Amino acid sequence: MRVRELPLSSSVVDHFADRGVRELYPPQRAAVEAGVCGGADVVAAVPTASGKTFVAQLALLTADGPGLYVCPLRALAREKYETFAALPGVDVGISTGDFDATGEELAGNDVVVATSEKVDSAIRNGASWVDELACVVVDEVHLLGAKRRGPTLEVTLATLRRRNPDLQTVALSATVDNPDAIADWLDAALVESDWRPVELRTGVAVGGDVAFDDGTSLSVDVASGGETDPDGDDGGGADRGGDTDAEVDTDTRGGTDAEDDEPDATEVTAALVADAVADGGQCLAFVRSRREAVDLAERLADEGLAETLGIEDAADAAADEATDVDGTLTGRQLADCLRAGVAFHHAGLRSGHRSVVESAFRDRDVACICATPTLAAGVNVPARRVVVRDQRRYGEAGMEWIPTLEVHQMCGRAGRPGLDPHGEAVLVADADTRAAVRERYVEGEPEAVESQLADPGALRTHVLAAIATGFAATETEILDVFEGTFYARETGAGGLADAVAVAVDDLVAAGMVARETGGVEDYRLVATAVGETTSKQYVRPETGERIVAGLRAAAGLSDATTLTAFEVICDTPDMQDTYLGNAERADIYRFARTNSAHLTTDMTEPDDFEGWLESVKTARILDEWIGGATVEELVERYRIGPGDLDSRVERAEWLLSAAEALGETIGVRVPAVSRARSRL
DNA sequence: TGCATGCGTCTTTAGACAGCATGTC
DNA sequence: CTAAAGACGCATGCA
């Protein structure tokens with residue numbers, strides 16, 4: 001099937017032809033056959049980079065009215081905005097938290113690109129444009145299963161569809177175990193495919209030997225340990241290295257092939273990266289933590305990868321760009337790495353640094369990025385080879401296997417269409433974990449997507465929203481709103497009844513919702529003024545409650561300062577917490593005691609003392625920030641990443657504005673809040 | 001006495017969405 | 001319920 005056979009204008013056909021898009025990929029053809037161009041609801045569960053964006057464009061271009069493209073990341077929204085804006089004759093708008101665009105402007109667009117939270121917020125604030133949509137495309141729908149953000153996505157989609165029954169819904173998902181459940185939910189046709197434009201082979205490396213799933217294999221020379229041992233890996237190594245007591249305890253290996261001096265995973269990773277780069281390919285290496293990403297990059301900087309690729313000048317230029325961002329330790333480390341043709345990437349980086357790394361990699365000015373999972377689901381950075389060094393990560397239950405879906409997304413970054421003959425994903429393991437790794441990630445299916453709507457916190461938030469927007473005034477009507485939800489389709493809306501009742505009780509107790517008796521046995525649920533502001537400001541009910549209490553307490557303080565304002569908003573579930581190390585604890589405790597006259601919390605009282613101390617730490621950082629401290633100072637003093645500082649400042653702005661709005665609705669004015677906000 | 005080495009213990013650990021009105025160059 | 005790597009600190013050992 002060819003692009004020009006599709007119901008598209010000739011200028012659009014030309015636009016695609018200019019980019020070499022003339023023929024449809026098989027999954028795209030399947031989507032067309034399922035009716036994406038004819039207004040049909042379609043769920044496409046296909047691998048990354050198999051042309052999902054084109055499917056989205058087809059739906060949006062052929063829809064009979066304005067379209068909405070929903071995606072999970074602001075960076076992704078910007079990326080899509082640009083590709084849509086390049087289409088001839090299409091007016092595109094973008095709406096994310098960090099990008100200003102008023103509702104008025106959005107109403108005039110053919111396509112609006114937005115994050116799911118922003119759409120939710122627009123609905124809560126009564127934006128008119130959401131009712132005029134003819135088509136909604138949801139990217140990465142499998143995020144439905146995400147703990148905190150999943151419920152927002154499903155409630156938003158359900159609300160959009162409920163208010164506009166003619167809305168065409170197109171959902172794009174990574175390969176998951178139950179795409180049929182998602183399709184069932186949306187009454188949509190399912191397009192399922194594992195086709196990729198570039199072949200992907202996945203293998204497990206033990207030592208320097210990689211066995212791929214297509215039967216091929218690869219051997220690389222691993223500089224074992226750190227010492228001299230340059231002779232290859234050709235069997236027969238007489239074991240010397242010190243005391244040899246290894247033979248006795250292990251009975252599992254009868255053969256001679258298991259070596260006792262297994263090279264460590266980092267060396268294997270370095271060898272795999274060097275091998276790919278020597279062949280002219282770029283690499284991504286995924287590791288477990290931020291520090292290990294930096295360490296690995298610094299280790300790879302010794303490999304001379306920039307010289308291998310012949311990109312020294314461009315690498316220098318990228319390094320200079322990184323230096324221009326700030327004078328942070330992180331920035332200097334990054335610049336040094338970039339000069340050697342490598343980089344690291346994690347959420348502790350400021351956005352400036354991140355984009356330097358991403359664009360340098362796309363321009364082939366960096367040979368390898370060492371990354372935490374940020375890069376797995378983020379913007380488009382395909383590489384020839386992906387090395388997943390760590391498959392386990394510290395989590396709630398100690399060391400946990402990383403979900404298969406996530407590892408598949410990392411692996412899916414391998415293979416640049418038109419540039420690489422094929423993509424290679426290599427999972428680094430050892431003799432003990434080889435079988436488990438292969439079973440779980442090479443042969444294993446990704447997890448099923450499960451609704452998280454039953455989570456009490458999520459339910460409280462969305463119950464409040466349903467009441468505050470006036471969509472529901474009784475528990476029955478609330479259940480009606482949730483009826484169109486993934487959870488309801490999977491479990492039955494009745495399963496929510498008890499939980500909704502609890503949520504309503506909680507909200508009443510919190511002063512967000514009131515029961516207005518209307519008849520003998522009937523009452524109506526209405527949002528209080530505070531509840532309404534809370535919902536419109538898009539903060540969680542618990543946050544609204546804490547802020548209201550904090551404002552009242554602050555008003556009673558004889559000397560409320562900006563620190564007071566920061567303490568209130570930081571002691572809120574909408575502010576991310578800041579790690580409080582043992583060494584700092586005493587210092588922060590002392591700080592809290594010295595400043596107790598400016599704090600709204602009685603130090604002897606809080607039940608979560610540790611959590612509160614963390615809030616005080618965050619508040620202190622923010623207060624020093626508005627006091628003129630530099631990023632460099634704060635980063636060093638409080639051991640947080642430069643990017644972490646930025647994101648806390650950003651959240652503080654948002655929460656302070658919510659605090660101001662709440663103060664206005666309860667008639668409590670705390671000048672310190674406004675002062676803090678304007679100084680941010 | 002000074003420095004290197006080794007061993008036990010302590011510390012730390014991924015990511016990232018959201019509001020809004022008004023003024024200014 | 002299942003960790004692992006690096007930093008740190010102390011003791012020992014050797015020149």
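Predicted, not measured: the structure shown is a model, and the values here were computed from it. Numbers restart at 1 for each chain; the letters A, B, ... are given by sequence-line order, proteins then strands.
- One finds no side-chain N or O of A:Thr96 lying less than 4.0 angstrom from the OP1 or OP2 phosphate oxygen of B:dC17.
- At a threshold of 4.0 angstrom between heavy atoms, the contacts of A:Leu73 are confined to the sugar-phosphate backbone, with no base atom among them.
- Where A:Ala583 and A:Leu656 meet DNA chain B, the nucleotide closest to each residue was compared, and A:Ala583 sits on the side nearer the 5' end.
- Using the Watson-Crick or G-U wobble rule with both distances under 3.5 Å, B:dT24 pairs with nothing in any strand shown.
- Counting only heavy atoms from C-beta on, A:Thr372 has its side chain closest to B:dA14 among B:dA14, C:dC1, B:dT13.
- Rounded to the nearest 0.5 Å, atoms CG (A:Asp506) and CG (A:Leu464) are 11.5 Å apart.
- Straight-line distance from the CD atom of A:Gln409 to the P atom of B:dG15: 15 Å, rounded to whole Å.
- No contact: A:Gly395 has no heavy atom under 4.0 Å from any strand.
- Distance A:Glu584 CD to B:dT12 C1': 12 Å, rounded to the nearest Å.
- Side-chain polar atoms of A:Gln537 and A:Trp654 form no donor-acceptor pair below 3.5 angstrom.
- Between A:Arg440 and A:Glu406, none of the side-chain N atoms (NZ, or NE/NH1/NH2) sits under 4.0 Å from a carboxylate O, so this pair counts as no salt bridge.
- A:Arg148 comes within 4.0 angstrom of a base, heavy atoms only.
- Comparing atom distances between the A:Tyr579 side chain and each of B:dG19, B:dG15, B:dT13 picks out B:dT13 as nearest.
- When the shell of 6.0 Å around CZ of A:Arg585 is examined, it contains more than 12 heavy atoms from other residues, nucleotides or ligands.
- Checking B:dA4 for Watson-Crick or G-U wobble geometry (two distances, each under 3.5 Å) identifies C:dT12 as its partner.
- Within 4.0 Å of A:Arg639, counting heavy atoms only, lie sugar-phosphate atoms of the nucleic acid but no base atom.
- Among the atoms of the strands shown, base atoms are found under 4.0 Å from some heavy atom of A:Gln576.
- Side-chain contact check for A:Asp139 versus A:Tyr69: some heavy-atom pair is nearer than 4.5 Å.
- Between A:Thr115 and B:dA18 there is a side-chain N or O to OP1 or OP2 distance below 4.0 Å.
- For the residue pair A:Tyr579 and A:Arg639, no side-chain donor N or O sits within less than 3.5 Å of a side-chain acceptor on the partner.
- For B:dA18, there is no paired nucleotide, since no Watson-Crick or G-U wobble pair has both relevant distances below 3.5 Å.
- A:Glu400 has its CD atom 11 Å from the C1' atom of C:dC1, to the nearest Å.
- The phosphate of B:dG19 has OP1 or OP2 within less than 4.0 Å of a side-chain N or O from A:Ser121.
- Comparing B:dG19, C:dC1, B:dG15 against the side chain of A:Gln537 picks out B:dG19 as the nearest.
- Nucleic acid contact class of A:Ser289 (heavy atoms, under 4.0 Å, all strands): sugar-phosphate only.
- Side chain of A:Ala347, nearest nucleotide from B:dG19, B:dA18, B:dA16: B:dA16.
- With rounding to whole Å, A:Glu653 atom CD is found 16 Å from B:dA21 atom P.
- Residues A:Glu660 and A:Ser674 have side chains that bring a donor and an acceptor to within less than 3.5 angstrom of each other.
- Counting heavy atoms from C-beta on, the side chains of A:Val388 and A:Tyr441 never come closer than 4.5 Å.
- Each of A:Pro72 and A:Asn125 has a nearest nucleotide on DNA chain B; the 5'-most of these lies closest to A:Pro72.
- Closest to the side chain of A:Lys118, from the set B:dA16, B:dG19, B:dG15, is B:dG19.
- Taking atom CZ on A:Arg74 and atom P on B:dA16, their separation rounds to 9 Å, with Å as the unit.
- In this structure, A:Ala658 reaches neither bases nor backbone, as no heavy-atom distance under 4.0 Å exists between it and the strands shown.
- Phosphate contact (OP1/OP2 of B:dG15, side-chain N/O of A:Arg290, threshold under 4.0 Å): present.
- Following rounding to the nearest Å, A:Arg124 (CZ) and B:dC20 (P) show an atom-to-atom distance of 11 Å.
- Rounded to whole Å, the distance from CZ on A:Arg648 to C1' on B:dA18 is 16 Å.
- No side-chain N or O of A:Asp574 forms a donor-acceptor pair with one of A:Tyr538 less than 3.5 Å apart.
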Could you list all N or O pairs between the protein and nucleotides 3-10 of chain C that sit under 3.5 Å apart?
residue, atom, partner, partner atom, Å
C:dG6, O4', A:Arg291, NH2, 3.3

